[in-house]
Amino acid sequence: MPLAAVNDFVIRFANVNGSGSASANEMFARAIMRMGIPMAPRNVFPSNIQGLPTWFEIRVTEAGHLGARGGTDFMVAMNPQTFNADVISIEPDGYLMYDSTRAIPPGQLRADITVIGIPLTQICNAEYTDPRQRQLFKNIICIGALSALLDMDFAELEKLIGEQYKGKDKLIAPNVHALHLGREYAKANFACPIGLRLKRTDKVGDRILIEGNAAAALGAVYGGATVCAWYPITPSSSLAEGFAKYCGKFRHDPETKQARYAIVQAEDEIASIGMVIGAAWNGARAFTATSGPGISLMQEFLGFAYFAEIPAVVFDVQRAGPSTGMPTRTQQCDLISCAYASHGDTKHVLLLPEDATEAFEFGASSFDYADRLQTPVFVLLDLDIGMNHRLCRPLSWDDSKTYDRGKVLSAEDLDKAKDFGRYMDVDGDGIGYRTYPGTHPTKGTFFTRGTSHDARARYSENGATYVDGMQRLLRKLDTAKGILPKPLRSNADKPTRFGVIYYGSTAPAMSEAAEILAKRGHSLDLMRIRAFPFHQDVASFIADHDFVFVVEQNRDAQLRSLIVNELGIDPVRLVPVLHYDGSSITARFISNTIGDRLDTLKVTPLRKALS
Amino acid sequence: MTYLAKPKFHHPSLPKNEIGFTRRDYEASTSTLCAGCGHDSISASIIEACFELSIEPHRVAKISGIGCSSKTPDYFLGASHGFNSVHGRMPSVLTGANLANRELIYLGVSGDGDSASIGFGQFAHSVRRAVNMTYIVENNGVYGLTKGQFSATADRGSKSKKGALNSDSSIDLVAIALQLGATFVARSFSGDKGQLVPLIKAAIAHKGAAFIDVISPCIAFNNHAGSTKSLDYVREHNEAVNALDIMVGRDPITVNYAPGKVAAVTQHDGSVLNLRKLNDEYDPHDRLAAMNFLQRHAAQGQIVTGLLYVEADADDLHSNLDTVETPLNQLDTAALCPGASALDKINASLR
Ligand SMILES: Cc1ncc(C[n+]2csc(CCOP(=O)(O)OP(=O)(O)O)c2C)c(N)n1
Ligand code: SF4
């Protein structure tokens with residue numbers, strides 16, 4: 001029996017990079033969203049530019065599960081290179097659509113799947129003469145055919161074409177025509193619709209579809225960043241490029257048209273963080289966007305900024321490492337290298353957004369935190385958040401908000417002040433007062449250095465002075481715990497001895513996994529960590545449970561190590577659940593791993609089963 | 001000791017500049033460098049130049065890397081914010097600082113190890129980005145602070161204090177700066193205050209990337225026979241193109257003689273300098289000729305000093321980025337935040 005499901009399946013497009021499929025695929029995804037059906041699109045792409053395989057997957061999910069599900073119910077196999085593997089990857093009784101202009105060699109198809117051949121090349125060659133048109137319209141014809149097969153609201157597709165080519169009106173009619181060509185072919189040759197169907201509903205609400213890097217870039221604009229220094233690296237480049245785009249839109253002086261921002265593509269990551277530090281020292285809000293290899297290069301400067309107490313914002317869009325690892329695959333593998341970046345004793349503030357909306361919110365507030373705490377702040381995204389469009393809460397802004405520049409003394413403040421010492425802990429929160437260069441002719445200057453210094457910023461290698469300074473930096477991190485986003489806890493409806501800790505892009509898969517596990521009879525309390533240094537609630541959450549699973553996307557259980565290290569927890573009580581093959585973590589993976597562990601508890605003593 | 005501030009006693013008759021400051025107002029902590037280090041003479045020249053230009057000291061941001069040379073910002077302009085960054089990375093910090101506030105004067109101080117080795121890339125890129133700055137390299141051909149290793153500006157065939165022969169060819173930062181498009185390029189000698197002070201003044205006045213390579217003998221590690229950056233060697237091989245009076249970096253020695261003439265000046269140690277005043281024929285507005293001139297004299301084993309190239313109406317990074325006149329660090333929430341209504345429109349476009 002072919003698969004049958006309404007608003008609950010995974011469709012995957014196997015394409016050749018550079019074939020122009022991306023915009024057609026995205027239009028298809030957006031049309032589903034406009035039908036009120038939640039869906040989660042994901043790019044799966046290897047590290048290459050042109051000619052090699054790429055996939056685009058859409059999980060249609062009326063229940064609103066936005067994590068990756070795993071498996072493919074409907075494969076649109078447009079890439080001959082990966083055809084065989086694509087066919088193998090289809091779920092039992094699934095569907096395959098392919099370009100039937102050329103016959104498939106015998107013996108390459110599975111008996112259980114439903115095969116839908118559309119002679120796309122043939123239709124295109126008959127209809128168009130221009131080779132580029134033949135290529136591009138193939139993608140649109142394909143979407144047209146799908147609209148009939150899946151029973152889509154065709155008007156939504158037509159409307160999207162109209163929006164996409166607004167201003168280039170003569171492209172609208174040919175595109176709509178191509179949609180029709182595909183739709184009519186499917187209707188004439190197959191029993192439409194098939195078992196997998198789309199049905200209009202109202203489960204999307206006011207949510208938006210936005211890429212994480214774009215949202216983070218908007219966060220930097222709203223957070224008041226004026227200086228961006230960056231060096232291209234996947235998967236973070238679109239963040240800096242997004243910042244450039246939005247600044248172009250919003251940040252020009254209305255009269256002179258001059259820029260209220262500066263963006264420099266630096267010569268490398270060392271220079272980019274150096275520029276950020278120089279700009280922030282001089283009172284501008286500054287950031288860089290990078291990925292793991294960039295973080296490695298920035299180490300010395302990051303330690304410097306920590307010790308000299310200079311605000312800096314670093315967006316790290318994590319990818320699979322080490323080194324180049326799998327540069328276009330996702331992981332959460334920079335947690336420790338960011339938390340402790342540099343030599344000597346360092347500890348940095350990390351913000352851990354779960355999706356694009358939080359990337360916007362944390363992105364904007366990161367500049368307040370950096371200024372208030374006078375220290376580098378890392379916003380840790382990953383490829384899964386950064387380079388995918390995700391359905392999420394609309395972005396919002398409170399117009400009454402003004403930027404918190406932290407403890408900065410103006411010339412008037414200095415005139416009134418009795419005394420000034422850059423690193424004096426006047427308020428007992430570990431944070432001194434700073435001045436921007438050029439503020440006052442005779443007061444408030446200080447020397448910034450990475451060598452040890454006293455409370456007045458004077459060079460000193462006195463041991464006690466050094467220890468005082470290092471202790472004050474710890475006090476500052478205590479202050480941080482009180483102002484950073486708190487962890488979010490949600491309890492199971494029954495009391496349970498088991499908890500789960502997770503963060504970032506694991507969130508949607510985790511909430512779905514918790515539902516699956518609840519159905520299997522396993523109740524779990526959940527805690528999503530949103531910042532480092534850890535809030536007190538993290539320790540009490542662990543104390544409330546006998547065992548806590550720590551779900552994360554790296555090999556070495558970095559979050560777990562950080563918790564053990566920072567909170568002094570017995571490692572045996574933290575059970576690692578690790579996914580690190582570069583694909584997005586799935587609810588299937590989490591629920592199977594945790595479920596199997598919990599099942600064994602029925603026959604094995606607790607400590608043994610989990611340790 | 002750097003933490004020993006100099007006594008703030010002002011003699012009432014000390015001369016004042018246009019804004020009422022004395023030279024003392026441009027000084028800072030006492031140097032911890034070796035007595036006689038060329039770097040201290042450069043500090044003195046910076047002090048003199050800023051005094052003569054009547055610069056408000058607090059409007060200068062002095063930024064350096066790591067090395068003996070990079071320590072010097074602690075020893076001049078005590079009323080300025082200073083920044084000892086990390087080894088070789090002064091240029092990026094200065095670039096960022098300049099982006100944040102275009103109104104201050106940016107003085108970048110570096111060493112030859114700092115700029116020609118670990119920081120060669122940052123040196124090059126800050127110059128090609130036309131950052132409005134005065135970039136001074138205090139060039140002694142060695143790593144002073146780490147005790148005497150060769151730097152990349154050490155000449156091929158020169159010997160280290162321990163007797164090692166340098167078999168690598170040297171980097172000429174002036175040639176590189178010219179090639180990279182710096183709009184103000186000069187070389188001088190730390191002991192030649194008469195030449196160096198006007199050069200620093202001109203560099204500060206210049207809008208755009210101004211680069212000055214200052215040969216600065218290291219008393220401790222590079223003042224021996226065999227070194228090509230020793231006092232004696234430079235004295236003998238100095239081919240100056242304009243301001244020419246040379247002084248050893250101790251007590252200043254003043255000379256007064258006619259342009260175009262050669263003067264023999266006896267130094268504290270008894271040695272005699274043959275000084276040649278400004279070559280009036282030299283045209284510093286031709287980049288290509290400057291490169292040729294430099295190379296021709298380098299082939300003869302001579303070090304050219306003076307202002308080699310200047311472009312009067314140069315652009316800087318801010319003009320290239322077309323940033324607003326108001327310093328970016330002074331823009332407030334109202335000027336920077338697009339607000340809720342813009343966000344609502346963005347939301348609407350994403351549905
Ligand atoms: C990353 C790094 N590597 C090495 C050093 C050690 N170091 C300190 S100063 C210096 C060389 C300084 O030479 P130069 O710039 O020529 O300055 P000078 O002391 O001769 O004035 C080195 C290698 C360092 N501080 N940081
Ligand atoms: S070691 Fe050389 S460069 Fe360093 S202070 Fe002494 S003389 Fe100057």
Side-chain angles (χ1 to χ4, degrees), chain A residues 33-34 208-210 218 221-222 224 226-227 229 250-251 253 256 258-264 266-268 270-272 274-284 286 300-301 304 394-399 401-403 436-442 445-451 458-460, chain B residues 2-3 56-61 63 66 73-74 78-87 89 91-101 103-104 121-122 124-125 129 317-318 321-333 335-344 346-347 350-351:
Chain A
M33 176 180 81
R34 296 233 180 138
I208 57 169
L209 190 65
I210 186 170
L218 262 174
V221 172
Y222 274 74
T226 51
V227 176
F250 296 121
R251 281 283 191 75
D253 183 289
T256 64
Q258 286 178 312
R260 287 173 168 159
Y261 63 93
I263 300 172
V264 175
E267 58 270 31
D268 55 35
I270 305 178
S272 54
M275 288 179 203
V276 168
I277 287 170
W281 170 76
N282 214 1
E300 187 187 12
F301 254 137
F304 178 99
L395 312 180
S396 66
W397 188 259
D398 174 2
D399 278 334
K401 185 179 154 51
T402 53
Y403 299 142
Y436 301 154
T439 300
H440 194 286
T442 54
T445 48
F446 63 91
F447 210 95
T448 302
R449 42 164 60 93
T451 29
R458 291 173 306 200
Y459 170 66
S460 164
Chain B
T2 59
Y3 44 85
E56 292 178 283
H58 76 290
R59 302 299 292 170
V60 178
I63 300 168
I66 299 275
D74 227 355
S80 308
H81 275 65
F83 194 126
N84 278 158
S85 65
V86 298
H87 196 21
R89 322 295 179 190
S92 62
V93 176
L94 189 151
T95 302
N98 184 298
L99 289 174
N101 184 355
E103 286 180 349
L104 302 184
Q122 293 217 341
H125 287 277
R129 274 189 199 107
L317 180 57
H318 278 284
L321 294 176
D322 197 22
T323 40
V324 285
E325 292 300 322
T326 315
L328 295 178
N329 70 351
Q330 286 168 28
L331 299 173
D332 60 7
T333 314
L336 295 176
C337 186
S341 63
L343 209 51
D344 290 343
I346 292 174
N347 283 327
L350 296 169
R351 289 194 177 110

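Order of the sequence lines sets the chain letters (A, B, ...), proteins ahead of strands, with each chain counted from 1.
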Chain A interface, residue from [options] that has the most non-hydrogen pairs under 4.5 Å:
options                            : value
B:Ser80, B:Pro91, B:Ala79, B:Ala97 : B:Ala97
B:Gly121, B:Ser341, B:Ala342       : B:Ala342
B:Ala340, B:Gly78, B:Gly82         : B:Gly82
B:Thr95, B:Ile63, B:Val86          : B:Val86

Distance in Å, [X] [atom1] paired with [Y] [atom2], rounded so as to fall on 0.5 Å steps:
X        : Y        : atom1 : atom2 : answer
B:Thr323 : A:Arg251 : OG1   : CZ    : 13.0 Å
A:Phe250 : B:Leu343 : CZ    : CG    : 8.0 Å
B:Asp332 : A:Tyr403 : CG    : OH    : 9.0 Å
B:His125 : A:Asp268 : NE2   : CG    : 7.5 Å
B:Asn101 : A:Asn282 : CG    : CG    : 5.5 Å
A:Ile270 : B:Arg89  : CD1   : CZ    : 4.0 Å

Heavy-atom distance under 4.5 Å to chain B: side chain of [X], backbone, both or neither?
X        : value
A:Ile263 : backbone
A:Ser272 : neither
A:Ala286 : neither
A:Val276 : neither
A:Ser396 : backbone
A:Phe446 : both
A:Ala262 : both
A:Arg260 : both

Show the nearest heavy-atom pair for residues [X] and [Y], with the distance to one decimal.
X        : Y        : answer
B:Ala100 : A:Ala284 : CB-CB, 3.5 Å
A:Tyr436 : B:His81  : O-CE1, 3.6 Å
B:Cys337 : A:Tyr222 : SG-CD2, 3.5 Å
A:Gly274 : B:Ser92  : CA-OG, 3.4 Å

Using a 4.5 Å cut-off on heavy atoms from C-beta on, say whether the side chain of [Y] contacts that of [X].
X        : Y        : result
A:Val221 : B:Pro338 : yes
A:Thr226 : B:Leu336 : yes
B:Asn347 : A:Leu395 : yes
B:Glu325 : A:Thr256 : no

Completion exercise
Ranked by heavy-atom pairs below 4.5 Å to chain B, first place among A:Gly283, A:Pro441, A:Ala229 goes to A:Pro441
Handout entry: Best-contacting candidate, A:Ala280, A:Ala279, A:Ala266, against chain B by heavy atom pairs under 4.5 angstrom
Key = A:Ala279
Practice task
Measure up the B:Phe83 and A:Trp281 rings against each other and bin them: parallel (under 30°), tilted (30 to 60°), perpendicular (over 60°).
Solution key: perpendicular
Using heavy-atom distances under 4.5 Å, tell me whether [X] contacts chain A through its side chain, its backbone, both, or neither.
X        : answer
B:Pro57  : neither
B:Leu104 : side chain
B:Leu331 : side chain
B:Pro73  : both
B:Ile346 : side chain

Practice task
Run the numbers on B:Arg129 and A:Glu267 for side-chain contact (heavy atoms from CB on, under 4.5 Å), then give the verdict.
Solution key: CA-CA 11 Å; B:Arg129 274 189 199 107; A:Glu267 58 270 31; 2.8 Å; yes
Practice task
Report the residues that fulfil side chain to side chain donor-acceptor pair (under 3.5 Å) with A:Tyr261, sequence neighbours left out, ordered by chain and then residue number.
Solution key: A:His252
Handout entry: Donor-acceptor contact present, side-chain A:Asp399 to main-chain B:Gly339, <3.5 Å
Key = no
Problem - Main-chain N/O of B:Arg351 paired to A:Arg34 side chain as donor or acceptor, under 3.5 Å - result: yes
Exercise for the section: Kindly write out the residues that satisfy salt bridge (Lys or Arg N to Asp or Glu O under 4.0 Å) with B:Glu56, not counting sequence neighbours, or none if the list is empty. Expected result: none
